[in-house]
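Only one structure is covered here, and it is reproduced in the block below.
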Amino acid sequence: MSIENTQAILTSHSVTITDIKAAQQRLLGIVHHTPVITSSSVNERTQSQVFFKCENFQRTGAFKFRGAYNALTQLSTEQKKTGVITYSSGNHGQAIALGGKLLNIPTTVVMPEDAPPVKQTATRAYGAEVILYNRQTTNREELTKGLAHERQLTLIPPYDHPHVIAGQGTTALELIQEVGELDLLLVCCGGGGLISGCAIATKALLPNCRVIGVEPELADDATRSFYSKTLQTVHNPNTIADGARTPSLGKITFPLVLEYVDDMVTVSESAIIRTMLFLWERLKIVIEPTGVLAAAALLEGVITAPGAKIGVIISGGNVDLSQIGELLTTRYYSR
Ligand SMILES: *Cc1c(COP(=O)(O)O)cnc(C)c1O
């Protein structure tokens with residue numbers, strides 16, 4: 001490959017604040033401007049000033065709708081007509097399904113058969129065709145690519161796509177536009193789409209604000225990748241944070257995380273559950289396990305920043321409430 005070709009590919013893959021601002025324009029009037037919540041008991045406990053950006057109130061219950069819609073609107077007329085396919089443990093699938101419905105684009109979502117039933121049901125309800133697979137025996141990306149080829153569908157992956165990353169970045173852009181200066185932004189990390197977009201937006205607007213990513217201990221691939229500067233993977237991690245069960249960062253998100261993120265930390269399963277209950281009680285809002293990762297790092301003292309102004313992204317709220325009893329009796333949970 002010539003140097004020019006390599007350059008062209010790098011340029012087309014890199015996401016800038018301009019792309020994130022353009023995404024915000026495309027999403028205007030379509031996505032919800034989600035609320036920013038504060039809590040004096042959280043501020044007291046952490047000795048800081050915390051601003052929760054509540055994407056559990058986003059359409060489809062998670063920030064994923066931002067990236068999905070931004071990507072869907074930029075397809076060609078021909079691509080829109082034949083339709084799109086994606087693989088997702090849930091929230092991206094729902095986001096693509098709703099986006100497809102709004103834009104009149106047929107959608108197919110490949111989902112693990114053990115994905116939370118609430119996510120499967122919602123995805124079908126938005127009009128997508130759902131194809132289930134077994135996480136132990138099937139490689140979802142190969143299955144999806146095969147189907148995409150067979151049916152001539154355009155693949156919109158959940159995180160490793162510049163338009164998806166730019167869309168997710170509007171979460172931090174919106175938060176900063178509302179609260180202004182921040183010393184620290186905490187963002188959960190699965191495949192790294194959300195944190196890449198948010199870190200790019202943050203560093204462009206608030207160059208002195210530190211951006212820290214948070215993962216479950218049981219799915220610490222991005223943290224290991226960050227420290228070793230070599231892409232690390234994890235196989236079917238058994239974390240309750242199902243949105244962070246991704247095997248690794250992506251080809252696009254990994255370099256972005258290395259470039260724009262200041263640090264990566266992990267939290268235990270019991271920390272995730274304790275934080276979920278604490279936030280349900282104190283903020284009176286329902287947040288899914290993956291959605292509390294960033295808050296858990298702060299509330300459990302993994303990160304301390306006394307006196308700081310801290311943005312915390314609450315990424316989603318799709319949790320099967322009927323399974324909560326089970327969660328509280330898991331071997332991981334202790335109060
Ligand atoms: C997808 C998802 C994540 C992880 O996002 P990435 O872009 O894959 O890092 C975190 N929280 C929720 C609720 C999600 O749906």
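One is the number of the first residue; the rest follow in order along the sequence. For the numbers below, each heavy atom of this structure counts, side chains included, while hydrogens, waters and symmetry mates do not.
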Between [X] and [Y], what is the shortest heavy-atom contact and its length?
X: Leu132; Y: Pro112; value: CD2-O, 4.0 Å
X: Pro216; Y: Thr239; value: CB-OG1, 3.5 Å
X: Ala244; Y: Leu293; value: CB-CD1, 4.1 Å
X: Pro237; Y: Leu218; value: CB-O, 3.2 Å
X: Ala308; Y: Ser48; value: O-CB, 3.3 Å
X: Leu249; Y: Gly191; value: CD2-O, 3.5 Å

Mind checking the [atom1]-[atom2] spacing from [X] to [Y]? Nearest 0.5 Å is all I need.
X: Met264; Y: Glu215; atom1: CE; atom2: CD; value: 4.0 Å
X: Ile131; Y: Leu143; atom1: CD1; atom2: CG; value: 7.0 Å
X: Asp220; Y: Tyr227; atom1: CG; atom2: OH; value: 12.0 Å
X: Thr144; Y: Ile156; atom1: OG1; atom2: CD1; value: 13.0 Å
X: Asn318; Y: Thr60; atom1: CG; atom2: OG1; value: 6.5 Å
X: Ile176; Y: Leu182; atom1: CD1; atom2: CG; value: 6.0 Å

Are [X] and [Y] packed together at the side-chain level, in the sense that at least one heavy-atom pair is separated by less than 4.5 angstrom?
X: Phe63; Y: Gln168; answer: yes
X: Pro289; Y: Met276; answer: yes
X: Glu55; Y: Arg66; answer: yes
X: Val265; Y: Thr223; answer: no
X: Ile314; Y: Phe57; answer: no
X: Ile85; Y: Arg151; answer: no
X: Tyr260; Y: Ser196; answer: no
X: Val187; Y: Ile212; answer: no

Please confirm whether the backbone N or O of [Y] pairs with a side-chain atom of [X], one donor and one acceptor, at under 3.5 Å?
X: Ser88; Y: Gly93; answer: yes
X: Asn139; Y: Glu141; answer: yes
X: Thr170; Y: Leu173; answer: no
X: Lys81; Y: Ile105; answer: no
X: Asn70; Y: Val164; answer: no
X: Arg245; Y: Asn238; answer: no
X: Asn91; Y: Gly316; answer: no
X: Glu281; Y: Phe278; answer: no
X: Thr290; Y: Gly243; answer: yes
X: Gln120; Y: Glu113; answer: yes

For atom [atom1] of [X], decide whether the heavy atoms of other residues, nucleotides or ligands shown that lie under 6.0 angstrom number more than 12.
X: Lys21; atom1: NZ; value: no
X: His33; atom1: NE2; value: yes
X: Asn134; atom1: CG; value: yes

(request) Begin with the C-alpha distance, continue with both residues' side-chain angles, and end with the deciding distance and a verdict on side chain to side chain contact (heavy atoms under 4.5 Å, CB included) for Tyr69 and Arg26. (result) CA-CA 9 Å; Tyr69 195 88; Arg26 278 181 211 106; 5.7 Å; no

So, [X] versus [Y]: side-chain donor-acceptor pair below 3.5 Å or not?
X: Thr107; Y: Glu129; value: no
X: Gln94; Y: Thr123; value: no
X: Thr16; Y: Asp19; value: yes
X: Gln232; Y: Ser228; value: yes

Taking a hydrophobic cluster as the set of Ile, Leu, Val, Met, Phe, Trp and Tyr residues connected by side-chain heavy atoms closer than 4.5 Å, whether directly or through intermediates, do [X] and [Y] fall within one such cluster?
X: Ile272; Y: Val234; result: no
X: Val84; Y: Leu155; result: no
X: Val42; Y: Val267; result: yes
X: Leu277; Y: Val312; result: yes
X: Val257; Y: Ile313; result: yes

(request) Tell me, please, which residues at least two apart from Arg59 pass salt bridge (Lys or Arg N to Asp or Glu O under 4.0 Å). (result) none

(message) Name the residue from Glu178, Glu174, Gln58 that meets the side-chain hydrogen bond (donor to acceptor under 3.5 Å, both in side chains) definition with Lys53.
(response)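 In the set Glu178, Glu174, Gln58, the residue that makes a side-chain hydrogen bond (donor to acceptor under 3.5 Å, both in side chains) with Lys53 is Glu174.
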
(request) Answer yes when Lys251 and Asp160 have at least one side-chain N-carboxylate O distance shorter than 4.0 Å, and no when they do not. (result)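 The answer is no: the pair does not qualify as a salt bridge.
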
(message) I'd like to know if Arg274 and Glu300 make a salt bridge, using a cut-off of under 4.0 Å between side-chain N and carboxylate O.
(response)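 Between Glu300 and Arg274 there is a salt bridge, with a charged N closer than 4.0 Å to a carboxylate O.
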
(request) Have a look at Arg210 and tell me which of Asp263, Leu186, Asp183, Leu185 forms a side-chain contact (heavy atoms from CB on, under 4.5 Å) with it. (result)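 The side-chain contact (heavy atoms from CB on, under 4.5 Å) with Arg210 is passed solely by Asp263 among Asp263, Leu186, Asp183, Leu185.
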
(message) So, applying side-chain contact (heavy atoms from CB on, under 4.5 Å) with Leu279, which one of Ile37, Ile285, Leu299 is it?
(response)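 Running side-chain contact (heavy atoms from CB on, under 4.5 Å) over Ile37, Ile285, Leu299 with Leu279 returns exactly one hit, Leu299.
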
(request) Please test Lys119 against Glu288 for salt bridge (Lys or Arg N to Asp or Glu O under 4.0 Å), starting from the C-alpha separation and ending with a verdict. (result) CA-CA 12 Å; Lys119 295 185 178 178; Glu288 64 183 276; 3.1 Å; yes

(request) Could you walk me through whether Ser76 and Gln79 pass side chain to side chain contact (heavy atoms under 4.5 Å, CB included), step by step? (result) CA-CA 5 Å; Ser76 71; Gln79 286 173 316; 3.3 Å; yes

(request) Begin from the C-alpha positions of Lys203 and Glu259 and carry the test salt bridge (Lys or Arg N to Asp or Glu O under 4.0 Å) through to its verdict. (result) CA-CA 10 Å; Lys203 294 295 177 180; Glu259 184 170 353; over 6 Å; no

(request) Could you tell me which residues satisfy ring-ring contact (aromatic ring centres under 6.0 Å, His included) with Phe52, sequence neighbours excluded, listed by chain and number? (result) none

(request) Kindly indicate, with the supporting measurements, whether the criterion side chain to side chain contact (heavy atoms under 4.5 Å, CB included) is fulfilled by Thr38 and Val50. (result) CA-CA 6 Å; Thr38 58; Val50 184; over 6 Å; no

(request) Applying side chain to side chain contact (heavy atoms under 4.5 Å, CB included), run through Tyr159 and His161 and close with a yes or a no. (result) CA-CA 6 Å; Tyr159 51 88; His161 187 298; over 6 Å; no

